[in-house]
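Everything on this sheet refers to the single structure shown next.
Every number for a ligand or one of its atoms is a count from 1 in the order of the listing. Just so it is clear, the model here is predicted, and its values are computed rather than measured.
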Amino acid sequence: MKRTVANVTIECVEGDITDQQGFDAVANAANAQLRPGGGVAGAIHSAAGPELDRACRPLAPIGPGEAVITPAFNLPNKHVLHCLGPVYGRDEPSAELLASCYRAALELADENELESVAFPSISTGVFGYPLAAAARVALKAAAETAPRLRHVRLIRFVLWGRDALGAHERALEALSP
Ligand code: AR6
């Protein structure tokens, strides 16, 4: 499912964030220390190889709502945008911090003249953010940032499983026209 907002296509697909052929960048649901960890971060680091961990070290730590960029090494992309989402119930205000991750990552991609960015559903795994609420924040942040982007023309949300896909499709549909 896709929609176009200010010349930027926003789409939702079910899939694996480490398998986004042709995308200039993929986002990582990182930890503050930018170490491999589990979930998306574990999958991204194991697919990218140990050079990614070495590239991350001088950039850590980052705070909730922040994003940093590295090369993508063995992933089929040029860059990784490492985003630290809020831990639900601890990092407040959670919705603003979550929106800030997406905005910061998209702005970084744009500054680097990237055209396409794929995101996982940040904070909805280990960090415990409820899926439907996180999906609304994510899609709204993407749509609100879109008019300011000069290079990014495709934003893809890559969802792990039917429930995550459904929540994001409903949030995409609910965006005002
Ligand atoms: N592709 C796309 N989505 C995935 C994949 C994948 N390969 N694997 C899991 N998901 P999480 P967080 C979904 O826990 O909540 C790590 O240990 C998953 O179902 O990766 O931001 C880090 O080191 C969920 O919906 O990220 C941090 O410490 C979503 O991606 C911490 O977890 C995010 O799950 C970050 O927690």
Top protein contact for atom 7 (N) of ligand 1, by heavy-atom distance: D16 OD1, 3.0 Å
Quick check: does F127 get an N/O under 3.5 Å from an N/O on ligand 1? yes
If hydrogens are left out, which of P120, A32, S123 has an atom nearest to atom 12 (P) of ligand 1, that is, the closest non-hydrogen atom? S123
Nearest 0.5 Å, what's the CD1-CG distance between I62 and L34? 5.0 Å
Looking at residues at least two apart in the chain, or sitting in another chain, which of them share a ring-ring contact (aromatic ring centres under 6.0 Å, His included) with Y88? Y129
re atom 26 (O) of ligand 1, the protein heavy-atom contact at minimum distance is A29 CB, 3.4 Å
Can an N or O of R35 be found at a distance shorter than 3.5 Å from an N or O of ligand 1? no
So for atom CG, which belongs to D163, do other residues, nucleotides or ligands contribute more than 12 heavy atoms lying within a distance under 6.0 Å? no
Nearest heavy-atom pair of R150 and R153: which atoms, and what distance? O-NH2, 3.6 Å
Tell me whether R148 is salt-bridged to E107, with the criterion being a basic N under 4.0 Å from an acidic carboxylate O. yes
Residue, atom and distance of the protein heavy atom nearest atom 17 (O) of ligand 1 read G38 N, 2.9 Å
Counting only nitrogen or oxygen atoms and a 3.5 angstrom limit, does G37 reach ligand 1? no
Can you tell me how far apart OG (S116) and CD1 (I155) are? Round to the nearest 0.5 Å. 10.5 Å
Sole residue of I44, L75, L159 in side chain to side chain contact (heavy atoms under 4.5 Å, CB included) with I17: I44
Students should be able to answer this: which protein heavy-atom is nearest to atom 23 (O) of ligand 1, and at what distance? N31 ND2, 2.7 Å
Pairs of nitrogen or oxygen atoms closer than 3.5 Å, one from G125 and one from ligand 1: do any exist? yes
Pick from T124, L84, N28: the one approaching atom 24 (C) of ligand 1 most closely through a non-hydrogen atom: T124
Would you say the side-chain atoms of N28 and H82 include a donor-acceptor pair closer than 3.5 Å? yes
Find out if a path of hydrophobic residues (ILVMFWY) with successive side-chain heavy-atom gaps under 4.5 Å connects L172 to F119. yes
Give the residue and atom name of whichever protein heavy atom lies nearest to atom 33 (C) of ligand 1, and the separation in Å to one decimal. S121 O, 3.2 Å
For atom 6 (C) of ligand 1, what is the nearest protein heavy atom, given as residue, atom name and distance? W160 CE3, 3.5 Å
Just distances here: any N/O of L159 and N/O of ligand 1 closer than 3.5 Å? no
For G39, counting its heavy atoms only, list the atoms of ligand 1 lying under 4.0 Å from any of them. 20 (O)
Tell me yes or no: between the side chains of T70 and H79, is some donor less than 3.5 Å from an acceptor? no
Nearest-neighbour protein heavy atom for atom 14 (O) of ligand 1, which is reported as residue plus atom name and distance: V126 N, 2.8 Å
Geometric N/O contact V40 with ligand 1, under 3.5 angstrom: yes
Which residue owns the protein heavy atom closest to atom 1 (N) of ligand 1, what's the atom, and how far is it? I17 N, 3.0 Å
Using the six-membered ring wherever Trp is involved, compare the ring planes of F157 and Y102 and label them parallel, tilted or perpendicular (cut-offs 30° and 60°). tilted
